[in-house]
Structure formats: C-alpha cells, structure tokens
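To start, the structure itself, in structure tokens.
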Amino acid sequence: MTARYYWGLHLGLIALLFAGHFVLPAYQHGNVARIMVLAVYAMGYNIAFGYTGLLSLGHAMFFGAGMYGMGLLSYHFDAGALPAMAAGIVAGVVLSLVVGLLALRTAGVSFMIVTLMFSQALAMTLVYFRDITRGDEGFVIPSATRRLWGMDLSDEAHRYLIAWALFSVVLIFTLWLVRHRWGRVFVALRENEERASLLGYDAFRTKLGALVISGTISALSGAAYALLFGYAGATFAGVQYSIFPLLWVLLGGAGTVLGPFVGALFMFYLIDLSSGVTDAYMLIAGVALVLLTLFLPHGLVGEVKRRLWRDLP
Amino acid sequence: MDFGPYLMLAMLEGAVLASVLALMASGLSLVFGVMRVVNVAHGEFYMLGAVMAWAVTSFIGGGPALAFIAAAILAPLLVGGLAAVADMVILKRLNYDPERTIVATIGLLYILQQATLMTYGADARPVVPPFNHRIALPWVEWGEGGLSFYFPWGLSTTSYKLFVIGAAVVLIAALRLFMTRSKAGLIMRATQLDGEMATAFGIPVERVYAAVFGVGAGLAALAGVLIVPIQQAHYLMGGDALLLSFIVVIIGGLGSLAGTIVAAVLIGMSDGIISVFFSPTLAKILATLAVALVLVFRPQGLFGGKGR
Amino acid sequence: MSVILQTRGLSRSFSGLPAVHEVDFDLPQHEIRALIGPNGAGKTTFVSMLIGRLPPSSGSITFEGRDVTALPAPKRVGLGMAYTFQITSVFGKLTCHENVALAAMRRLGGDAKAVEAEVREALTRVGLADRAADVAGDLSYGHQRLLEIAMGLAQRPRLLILDEPTQGLAESEIADFKALIRALKAETTILLIEHNMSVVMELADRVTVLNFGEVLAEGTPQGIHASRAVQAAYLGTGTEEA
C-alpha cells in the first residue's frame, strides 16, 4: 500500500472527529473531547512502549508532571494558559530526561519496576506537600488561566476544538516520526538491540530520545487535561493512570499510530457503560487486560496490520 | 526515661510488621525465583487472606480461638488454590513471558480487588484476635542510684503481637526446611535452576509452577490472616503491602530467600521506627526512591552476591 | 600499504581461562585476510573484541591509526567497521528492505533516495533483490546469511568482518559469495572467519591461524596449507575443515 492510503486514513479520522463537533449530541461531544486528550497520552505512551519496546509502568508521573507543572503555575501565580502549558511541558521534558538517564540503565522487568517506583514516589510527593499541591483533594484551575486568544476554555465547543487540534497535531507528528529514520531505529531497538548497536546506533541515547519524546507528549496531555477540564488531582499521577495508557495501547494495538485512539475510545465507553451498573468499574479493566494478553496480544488495529495491511505505520 | 522506651516500643511494632512482611515477601520471592514471574497481584492475595479470615471467623462459631485457627488453615488453602488455577488458566498460556505475565497479573489484581469490592464491600472490618492480653513493658535504666527498674510505666503491647512474631519465625523456618530438605522443595529448586533440564529429568514443570504460584499466594494469604486482628480487612489493603514487599524483595536480591528475610527485618524495623518518629508518607517516599536507585545501580540487591 | 587495523597484546580471559592471549595482529588495507583455527581457538572472541562486543582483558586495538580500545561498538561502526554475526541476527519481523535500510541509514541519514539506491544495490549484489518485501524471519537460513552480508555491504565499511559467512549456504550460493568478495576487494578490507577451506584458499590474500588463543602461523594460503604446525593443529581434530 502506498503512502497515499495511510495518509488518507489518518487524515480521514481527523476530518471525522472535526465533523463530530457539529453532529455529536452534547454528552458524547464531551466524552469525545476527553477521549481525544487521553488518546494524546496513549500516543505518547505508545512511542516508548509500542515502537521502542520500553514497557513503563510509571507514565503517570509524566502525565502528572504536565498536569501539576501547568496547574501549580496557574494556581499560585495566576499564569495565562500559554505560560502554564509551557511549564507543564518543561516539567515533562525535565522529568523524562532524569528518569530516562537513571531507569534506562535497566531493562525488561527491572525497567518496569523502576519506572513504577519513581512514579509512586512522585505521586506520594504530591500528596505529602499538601500546602503547595492541596494533597489528595487537588485543586480547581483558576478561570484566569482557562482563557486563550479570547476563548473561554470551559466552554464545551472551545474545549472540543482545542482537544481536536491537539490530537491532530500529535497524531500527525507520530505518523511523521515513525516513518522518519528515528522512528525506524526505535523499532530496530525494540526488535534486536544488539544488532542495532552493531549497525552503529547508540542504544542508550536513542532510547533516551524515545522516552523523552514519549514523556513530553504524556505531559502535554496531562497539562491539557487539567487546562480543559479544570481540575488537577493526585489520582492522575497514581498507579491507575500508569496502567490506563498500557491498557489503551494494548487494546488498540501497540506500535500502530491509530491504536492508542481506538483503544482509548473502546475502553472509555466500556468503563463508562459499566460504571452505570457497578462501582467496581475497574473490574472491566482487569478482565480486559487478562483477555487481551491471552487472546489479542496485537490489539485491534494490530490485528488489522498483521492480517490485512502490513505496511500500516 | 524518655527516648529509650519509645524506641523499644517502635522496635516491637517494627518487628510485627517485619514478620508479616517477611512471610509475604517470601512468597513473592519464591514465585520470582522459581518461575521468573513478577506477580503484581501478590498484594491482592494478602488482601484476600485477610478478607477470608473475616469471612471464616464470622461464619464459624466456637469462640475466637477456634475460628482463628480455622481461618489460618482455610484462607491460605483457598487463596493458594485460586492462585494455582489462575496460573494454569492464564500464566501457563502466556508461556511465562516476563512482560506479558506482568500485564496479566495487573489484570488479575484489578479483578480480585474489584470482585472483593462488589461482594465484601468498601468497609474495613475487624477480626477478633484469638487471645489478646495486654502485656505491660518493663524498662531497665542505669540511673544515678544504680540500676532502676520501671514496671509498669504506661506503654504496653499485646500477647497477640508477640504471637505474630513467633508464628512468622516458625513458619519461615518451616519454609526453609521445606525448600532445603523435602523432595518437593528439591524439585522446586531444580526447576528454578534450569526449567528445560528439569523437564528432561521428568519433573512435571507445569505442575511445579502451579504449586509454586499457589504456595506463594498462600504465604501472602497467611500474612493477611495474621495481620487482620491488628489491622482491619479492607479491599484496598493490598496496594501498600505489595509496594513494601517489592521493596523487600528488591533490596534482598531478586529471588533470594535469605536476602528477602534480612531485608524484611531491615525494612519492617526501620519503617516501624521511622513512622513512630517521622511522617510515614515521607518515609515511604524516601524508601521508594532508595529502592528504585538500588535497582538501577545494584540490581543484584544489597545482600545479593554477584549479579545473576 | 598502510595498516588499517592493528592489535597489540590483545588478551581476553573468561573466569581465569585465557580465550585469546597476547595477540599481535596487523591487517593492511585492501587485503582479504582469513582467520582460521580449530573450534574453540578464540576466533569469535577475537573479532568480538575488534568490533567492541566484548571488552579485552588487556592489550590495545588501533583502527586507521586511532586507538579504539575503549570505544563502544556503535562508535567503532561509525568509524567504518562492520560486523556480520556468526549466528544470524537479522531483524526477524521486519522486511529485507527495512533490514538493509537500517544498515544504510546511519551513514546516509535522512537522504531517502540515497538510502533507497543503496538498499537496492546491496540486495542485488547478494542476489536477494526479488525478496526485498519479504519478512526477514520467513527467509531460509541461507538467505538470512546473505541478508546479513547485504547489511554489511550497505554500511560501506572500510573494514568488513565476516564471521563464518558461508555456513549453511548451498554450493551455488558459495560460488556467488566468492565472486562478491573478490569484487569487494577494490572497495574495502575484509577479515573473514571461515571454516570452508576452499573459500579460504581461493579468496584470502593471507591467512592467520589461531590455536589456543594464540597466533600459530601467518602466511599465504599455500604456505599455510603446507605448514606442518598448522596441519598438526588441525590433525589433532582429525579433519582439514575442523
């Protein structure tokens, strides 16, 4: 299949989501806005896990760093939307760089546990310094921050469009990245690290690059989530939010550009529907994880790629 | 007489935590050592042990002692059986691939935790200890007038807490004897050294794995049963316990039973002591960071020998 | 002729046992050098140190006049060394095209056209041009070996180290391989670990014999073939090919 087809497919999704702004009923409209922001998080996670093979169990620290980098600047200093977002992104870059320099000295199971531990430490730190972070309760983002170029970001329509724009930019960036030689070297490292080193690629630096890109996109998503939906809380930095992107990416298809969105969409509605029935909605996530690892290890889009469209990026 | 007695009390509390932790972490370490599986659902087996202890003691009459003995036998058996089934239905079919098994055990964690929430509910419920005498603590001090003896002076522990420490020591000694002396233990260790070789010698590796996973979970459940008269049973109690056992197993050197026990004593005692004098959250943050750094810079653990 | 690769006193032992001991080795530019020796003579250990997969216990390695002993493998590859694995180590889930492209990309960077041309040329030279779209893991063992060689070629190395490249190849493929190496002689220097004596005799300018981790002999293929010491080393294992 030629490049025209997959550009068509991805741009088609973007167009479809734009059309959704005009036709979706209010409740779904709000849901899809949320899903698009969360899909950005999943796309960021996918760059580390899906493409580079770095299975992190601590990406919530990057999501949380973005959220709190943005939120604290807004909460304590009444920063505008752009400087606050910039602070969130910078927090993500710095944290992923530091974590990468340390955690990438390990691999496999150790890497999973180290990332989990770092993330736990950050989540507990957010709870501990409650004078600054408001601890478990979290805080509401002041309305002064939630204005951008004359738009009120608490308004449903503006919120959807900003989420859509962010989603589109990150989707296109991911598509570009994985076709670029960097993205191809990420895949080479995932498949056979020793061989890639002996082709002259510095494994550590490349993985560090992948992790920083991944962490930064995750932080961008965390910052945007707080900005658009108006709340920052320590739960977003907790273990559950490290498991979610893994779940979304596994369900949608690791190492595919569309997989994270598809996975986030399915899981969001699965949990949305089941939380109407029971408080134990995470049961669905648990069952999904087990069934996925057993029966659908490539995920939904991954199956399509494997069976029908092998060149799908 | 100011700082010393409180330190003694803190050490006693720490020893109780260390005992429970040593039991639970031994299970985690056993599973990792033999099967190379990082069982993220281990904390939930601990929680299930505590919840089942509540269930058994509330449905069996005949006084707290009898009910507790029934719980201490039934809960580990049921939880171990459940884990063995989970191994055969899920982990075996993943061929024990390290990363996929972690994802699957995360799934198992949520299934067990949320199923408990749906059935047992969100309340914390107590279990009556089989015996619970207050034991006032003596204190001896070298003062101006020579040796002085204070008793009672206000602080005390309970006979049940001392029993927990004793029980853990006996159980761990039994586990060690089982692993080093019994045929089943020998088979498990042979499988740990080389799964393929073990298969070649006719050891039914699949059944050994199911048994090991069951025994590991049973140890966690037993720890849960022991702790529930002190702490109440709650469906979210597995999380902290899992984190602490991870810390213990990593510090002790992944898969080494002796290292695990030394680390449990170290972590349990220091956690007990630190949380009496400092904020427990701060202690946890520092311990978590320290453990991550141990894995980064000394992956064989603080007490392990050369890296595996 | 200038020396492209030189080792002095290169040694490596594993838990006290020397696998390679005090090897002084000089490889002039544009030479095809064969490295032979009985199994366990330390050939793979030696070349693993050359490319940087294994740190030496002592001694030094100089490449184009520069001491590379402390450089990690990717840096050495960057300087113009290339290595093909004895046990095939291609990217099994990627296509042949992508395998070779990864080899070419490090040198050519983002120039897609140049990479494309390089990939086509390398695959054509080893006779895999019609397999470009196939997944590498689905290829036969012999074809995977050829793909390894194509990956070596696409790097345009100044020194190409081939670890038992003809193992598992059919006779016709070996003939093609010989022609390919002869053609490469103008472009690069080649160090060849080889068991197949006909390949050694026909291709090599000179032969180095390793035995028990030490250089036993060095000379022309004919001279080595006639050497009694070498024969003794091989006769110990019973066959000429060892």
Side-chain angles (χ1 to χ4, degrees), chain A residues 49 53-55 57-58 99 101-130 135-136 238-240 242-243 246-247 249-250 254 274 277-295 297, chain B residues 32 36-38 40-41 44 86 89-94 97-119 121-122 235 239-240 242-243 246-247 249-250 254 279-297 299-300:
Chain A
F49 168 57
L54 298 169
L55 207 172
L57 290 181
V99 167
L101 282 171
L102 292 168
L104 287 171
R105 293 169 55 109
T106 66
V109 169
S110 297
F111 181 79
M112 296 164 80
I113 298 175
V114 168
T115 48
L116 178 73
M117 295 264 164
F118 278 133
S119 187
Q120 274 298 92
L122 181 80
M124 290 189 285
T125 307
L126 288 176
V127 174
Y128 181 69
F129 290 100
R130 59 182 66 253
D136 282 322
V239 180
Q240 205 154 311
S242 288
I243 303 302
L246 171 66
L247 194 62
V249 168
L250 277 176
S274 59
V277 184
T278 166
D279 287 340
Y281 60 89
M282 279 303 285
L283 185 67
I284 302 297
V287 172
L289 275 174
V290 171
L291 292 181
L292 279 171
T293 44
L294 278 177
F295 301 110
Chain B
F32 182 80
R36 298 276 122 185
V37 163
V38 176
V40 185
E44 304 315 305
V89 175
I90 303 170
L91 302 186
K92 191 180 95 185
R93 299 181 53 172
L94 299 175
D97 173 81
E99 298 193 341
R100 286 173 71 197
T101 46
I102 289 199
V103 177
T105 54
I106 292 171
L108 197 59
L109 179 160
Y110 282 119
I111 292 173
L112 297 176
Q113 183 194 81
Q114 300 288 311
T116 308
L117 173 63
M118 288 172 80
T119 50
Y235 82 105
D240 276 356
L242 176 73
L243 187 66
F246 260 140
I247 294 176
V249 170
I250 289 163
L254 287 169
S279 142
T281 311
L282 187 62
K284 256 197 262 174
I285 294 172
L286 295 178
T288 309
L289 277 178
V291 166
L293 293 176
V294 165
L295 257 183
V296 169
F297 294 104
Q300 70 274 31

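Residue numbering restarts at 1 for every chain, and letters A, B, ... go by the order of the sequence lines. Side chains included, hydrogens not; waters and symmetry mates left out as well; all remaining heavy atoms used.
When heavy atoms are compared at a cutoff of 4.5 Å, L57(A) approaches chain B solely by way of its side chain, counted from C-beta outward. No part of I284(A) comes within reach of chain B, as not one of its non-hydrogen atoms sits under 4.5 angstrom from that chain. Residue L286(B): no heavy atom, backbone or side chain, is found under 4.5 Å from chain A. Only the side chain of L246(A) comes within contact range of chain B, with at least one heavy atom under 4.5 Å from a heavy atom of that chain. Only the side chain of I243(A) comes within less than 4.5 Å of a heavy atom in chain B; its backbone stays farther off. Of the two parts of F295(A), only the side chain, counted from C-beta on, holds a non-hydrogen atom closer than 4.5 Å to a non-hydrogen atom of chain B. Using a 4.5 Å cut-off between heavy atoms, I106(B) touches chain A through backbone and side chain atoms alike. Contact of T106(A) with chain B is made through the side chain alone, with heavy-atom distances under 4.5 Å. Neither the backbone nor the side chain of V37(B) comes within contact range of chain A; no heavy atoms are under 4.5 Å apart.
The side-chain heavy atoms of M117(A) and L243(B), taken from C-beta on, include a pair separated by under 4.5 Å. Using a 4.5 Å heavy-atom threshold, the side chains of L289(B) and F118(A) count as touching. You'll find the side chain of I102(B) stays beyond 4.5 Å of the side chain of L55(A), heavy atoms only. Taking the side chain as every heavy atom from C-beta outward, M112(A) and V38(B) never approach each other to under 4.5 Å.
In this view, L242(B) and V40(B), H42(B), F246(B) satisfy the side chain to side chain contact (heavy atoms under 4.5 Å, CB included) rule, not counting sequence neighbours. For D97(B), there are no salt bridge (charged side-chain N to carboxylate O under 4.0 Å, His left out) partners at least two apart in sequence or on another chain.
Heavy-atom minimum distance, V114(A) versus A292(B): CG2-O, 4.0 Å. The two residues L293(B) and L102(A) come nearest to each other via the heavy atoms CD2-CD1, 4.1 Å. Nearest approach of A104(B) to T293(A), heavy atoms of both residues: CB-OG1, 3.8 Å. Residue Q114(B) comes nearest to L283(A) through the heavy atom pair CG-N, 3.3 Å, listed as atom of the first residue, atom of the second, then distance.
Per-residue counts of heavy-atom pairs under 4.5 Å with chain B were compared for V239(A), V290(A), L292(A), L250(A); the largest is that of V290(A). Between chain B and the options V127(A), L104(A), T125(A), the largest number of non-hydrogen pairs under 4.5 Å is found for T125(A).
For the atom pair OG1 (T115(A)) and CG (L295(B)), the distance works out to 10.0 Å, reported to the nearest 0.5 Å. Taking CZ of R100(B) as the reference point, atom CG of L289(A) lies at 12.5 Å (rounded to 0.5 Å).
Of the residues I285(B), V291(B), T288(B), the one that meets the side chain to side chain contact (heavy atoms under 4.5 Å, CB included) test with Q120(A) is T288(B).
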